[in-house]
**Q** 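This is the structure I want to talk about, given as structure tokens.
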2 protein chains.
Amino acid sequence: MPKYQYTQYSKGCATCQDKADIFACLCQAELDQIDDTRVEVHFKTGELIFKQGTPNMHFLCLTQGKVKTYIEGYNNKNLILNIVKPIEYILGPGIYADQMHHFSAMAIEDSVACLVDLVTFKKLIRTNPDFAEDFLRKVSLQSIYNYELFISLTQKQMPGRIADVLLYLKDKVYCTNPFHSTLSRQDLADMSGMSKESVIRILREFKDENIIRANGNDFEILNIDHLNKISQTG
Amino acid sequence: MPKYQYTQYSKGCATCQDKADIFACLCQAELDQIDDTRVEVHFKTGELIFKQGTPNMHFLCLTQGKVKTYIEGYNNKNLILNIVKPIEYILGPGIYADQMHHFSAMAIEDSVACLVDLVTFKKLIRTNPDFAEDFLRKVSLQSIYNYELFISLTQKQMPGRIADVLLYLKDKVYCTNPFHSTLSRQDLADMSGMSKESVIRILREFKDENIIRANGNDFEILNIDHLNKISQTG
DNA sequence: TAGATGTATTGATATATGTCATTATCTTTG
DNA sequence: CAAAGATAATGACATATATCAATACATCTA
């Protein structure tokens with residue numbers, strides 16, 4: 001008999017090796033509180049995890065797979081904010097504002113995530129200053145990354161934006177150099193704020209100049225210095 | 001004899017009517033702690049308040065005037081993030097990351113600000129959960145606004161972006177309808193991610209269509225519905 | 001295996017937007 | 001007040017980028 005998606009696994013948070021680093025400062029009793037309201041869920045590639053505009057009830061910790069978070073804008077155009085990999089958590093700004101999701105999340109690989117009730121999370125923020133500070137640290141780093149994204153998207157031309165995307169995938173997501181991605185060309189377009197046709201054209205230029213090797217979704221950055229320069233010069 | 005810029009005024013935080021709303025949850029003793037490390041500073045129009053890349057040592061509460069915060073990008077191009085008015089505070093993400101400023105701040109009117117030592121601020125975050133939660137609320141609202149900015153800047157065409165800037169100035173900054181701004185055309189360009197010439201052209205179009213009245217830096221939005229529609233349709 | 005469906009690629013074309021040069025207007029200052 | 005300097009406005013032009021249409025390729029499914 002298969003495990004149901006809402007199965008709460010017996011392995012507790014205290015002994016879990018796959019928990020987000022933000023939980024490092026929690027004691028056994030605090031981890032048990034999280035464990036009590038925790039649910040582990042499996043998502044298949046392409047499945048929507050939560051949708052912009054719906055109530056935000058859970059803290060989500062990704063333990064397996066990969067997830068894209070994206071803002072749904074006008075004319076069915078999306079802007080991908082992050083590609084989240086294990087073990088990172090996803091928590092939008094809605095929790096301390098209007099309790100809503102302000103971006104959507106979708107699995108781009110088969111994924112597993114733990115959902116933790118937000119009441120528990122917020123209680124821990126109030127009672128454990130180290131936890132609160134760690135959370136503020138994470139929020140701040142995300143904010144700093146957003147500033148970089150602002151500059152990339154608004155002040156760089158297409159080659160610079162694609163360079164940024166490729167470097168992001170190599171350094172922050174897959175963390176290897178020849179890397180295989182499950183992102184479509186449309187996803188790359190949604191990360192760089194351009195049309196998919198333009199993405200394809202720029203990738204071709206990079207290939208023709210031997211800056212990258214790209215075969216379908218297998219990428220290898222051959223000339224990192226050159227790619228960095230393209231990122232710099234916009 | 002004139003007051004020096006570093007003069008610490010005698011009026012305490014406890015009785016101050018000009019303090020940011022985030023301080024509402026602090027008790028007398030906590031406000032006194034802030035008061036002890038507080039310095040009031042006057043800035044003239046055009047003066048740099050702090051610069052991106054320098055150490056971030058203070059929480060800044062604006063009590064008079066107006067301030068633009070902006071990211072300094074490539075090729076001397078800036079991206080204005082916010083126009084801050086009294087009584088709001090300015091606090092970047094650096095405090096909980098690398099202790100650096102990640103954007104610059106400049107007075108666009110003669111301004112007065114209180115600077116509070118960050119050690120005191122961070123101590124209060126740790127010891128007063130209400131204060132921490134209020135701060136998280138503020139950070140979250142800023143983050144949500146940034147998402148809107150992302151969509152405006154990356155998915156809208158110039159008329160939509162200018163519409164967003166005009167509505168922002170009317171609703172969030174000057175809060176009156178005929179309003180007078182001290183922002184240059186270049187500033188409007190830095191808010192909407194375009195060239196100043198393009199700003200001028202779009203403003204002219206809006207004038208020709210009787211959507212706005214614009215005489216130098218005096219603006220009046222004549223047809224709010226139309227401007228909202230332009231903002232929506234991009 | 002063949003058809004169907006979605007995704008990727010390419011080329012031709014349209015268009016939004018930036019750049020540059022020039023003139024106009026405002027603001028400062030001696 | 002006049003000169004100088006900054007800011008604003010306008011037009012001509014260049015170009016980055018999107019759109020549209022056609023084809024190729026891959027992947028699923030019956």
Side-chain angles (χ1 to χ4, degrees), chain A residues 44-46 68 73-79 106 108-110 152-166 180-208 212-219 230 233-234, chain B residues 44-46 68 73-79 106 108-110 152-166 180-208 212-219 230 233-234:
Chain A
K44 289 203 256 304
T45 302
K68 65 174 176 185
Y74 296 91
N75 304 113
N76 292 316
K77 284 175 72 175
N78 298 329
L79 177 69
M106 183 181 284
I108 59 168
E109 295 177 10
D110 290 352
S152 178
L153 292 173
T154 62
Q155 301 194 347
K156 294 184 185 181
Q157 306 196 150
M158 296 197 298
R161 304 211 295 272
I162 289 291
D164 286 345
V165 167
L166 290 171
H180 178 83
S181 123
T182 59
L183 294 160
S184 68
R185 295 298 187 257
Q186 184 62 56
D187 284 329
L188 299 181
D190 291 343
M191 292 177 77
S192 50
M194 52 205 257
S195 69
K196 61 182 184 308
E197 291 94 335
S198 290
V199 170
I200 290 162
R201 267 181 266 269
I202 303 291
L203 286 176
R204 164 139 298 284
E205 283 177 34
F206 285 3
K207 280 159 77 172
D208 291 347
I212 63 166
R213 200 177 53 71
N215 186 345
N217 284 328
D218 289 309
F219 294 89
I230 290 170
T233 55
Chain B
K44 289 202 256 307
T45 302
K68 65 175 175 184
Y74 296 90
N75 305 111
N76 292 316
K77 284 175 73 176
N78 298 330
L79 178 69
M106 183 181 284
I108 59 168
E109 295 177 10
D110 290 353
S152 178
L153 291 173
T154 63
Q155 301 195 347
K156 294 184 186 180
Q157 305 198 150
M158 296 197 299
R161 305 211 295 275
I162 290 292
D164 285 344
V165 167
L166 290 171
H180 177 84
S181 124
T182 59
L183 293 160
S184 68
R185 296 297 188 258
Q186 183 62 57
D187 284 329
L188 299 181
D190 291 343
M191 291 177 78
S192 51
M194 51 204 258
S195 69
K196 62 182 183 310
E197 291 92 336
S198 290
V199 171
I200 291 163
R201 265 181 269 268
I202 304 291
L203 286 177
R204 165 139 296 286
E205 284 177 35
F206 285 4
K207 279 159 78 173
D208 291 346
I212 63 166
R213 199 178 52 73
N215 186 344
N217 284 328
D218 290 309
F219 295 89
I230 291 171
T233 56

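Proteins come first, then strands; the chains are lettered A, B, ... in the order of their sequence lines, and each starts at number 1. Bear in mind that the values here come from a model prediction, so they are computed numbers and not experimental data.
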**Q** Would you sort out whether B/R185 and B/L203 count as a side chain to side chain contact (heavy atoms under 4.5 Å, CB included), showing the intermediate values?
**A** CA-CA 10 Å; B/R185 296 297 188 258; B/L203 286 177; 3.8 Å; yes
**Q** Using distance only, find each side-chain donor-acceptor pair of residues 194-202 of chain A under 3.5 Å and give its atom names and separation, not counting sequence neighbours.
**A**
from	atom 1	to	atom 2	distance (Å)
A/S195	OG	A/S198	N	3.3
A/S195	OG	A/S198	OG	3.1

**Q** Could you state the CD-C1' distance from A/Q157 to D/dT17, rounded to the nearest angstrom?
**A** 10 Å
**Q** Can you check whether A/T182 reaches A/T45 side chain to side chain, under 4.5 Å on heavy atoms?
**A** no
**Q** Using whole Å, report how far CZ of A/R204 lies from P of D/dT17.
**A** 19 Å
**Q** Tell me which of B/R185 and A/R161 sits closer to the 5' end of DNA chain D, going by the nucleotide each one is nearest to.
**A** B/R185
**Q** Across the strands shown, which category fits A/S195 at heavy-atom distances under 4.0 angstrom: base, sugar-phosphate, nothing?
**A** base
**Q** So, does the side chain of A/R201 form a donor-acceptor pair with the base of D/dT19 at under 3.5 Å?
**A** yes
**Q** From CG of B/N217 over to P of D/dT7, roughly how many Å is that when rounded to an integer?
**A** 12 Å
**Q** Atom CG of B/L188 and atom C1' of D/dA8: how far apart are they, to the nearest Å?
**A** 12 Å
**Q** Taking any atom under 4.0 angstrom from a heavy atom of chain A, which nucleotides of DNA chain C are the first and last to qualify, 5' to 3'?
**A** C/dA8 to C/dA12
**Q** For the residue pair A/K77 and A/D190, establish whether any side-chain heavy-atom pair is separated by less than 4.5 Å.
**A** no
**Q** Whole angstrom is fine here: how far is it from CG in A/L203 over to C1' in D/dT17?
**A** 15 Å
**Q** Which whole-number value in Å describes the distance from A/I200 CD1 to D/dT19 P?
**A** 14 Å
**Q** Have B/H180 and B/D218 got a donor and an acceptor in their side chains that come within less than 3.5 Å?
**A** yes
**Q** Using a 4.5 Å cut-off on heavy atoms from C-beta on, say whether the side chain of A/Q155 contacts that of B/N75.
**A** no
**Q** Please report the distance, rounded to the nearest Å, between NZ in A/K196 and C1' in D/dC20.
**A** 10 Å
**Q** Evaluate the side-chain proximity of B/N78 to B/K68: yes if any heavy-atom separation is below 4.5 Å, no if none is.
**A** no
**Q** In whole Å, I'd like the distance from the CE atom of A/M158 to the C1' atom of D/dT19.
**A** 13 Å
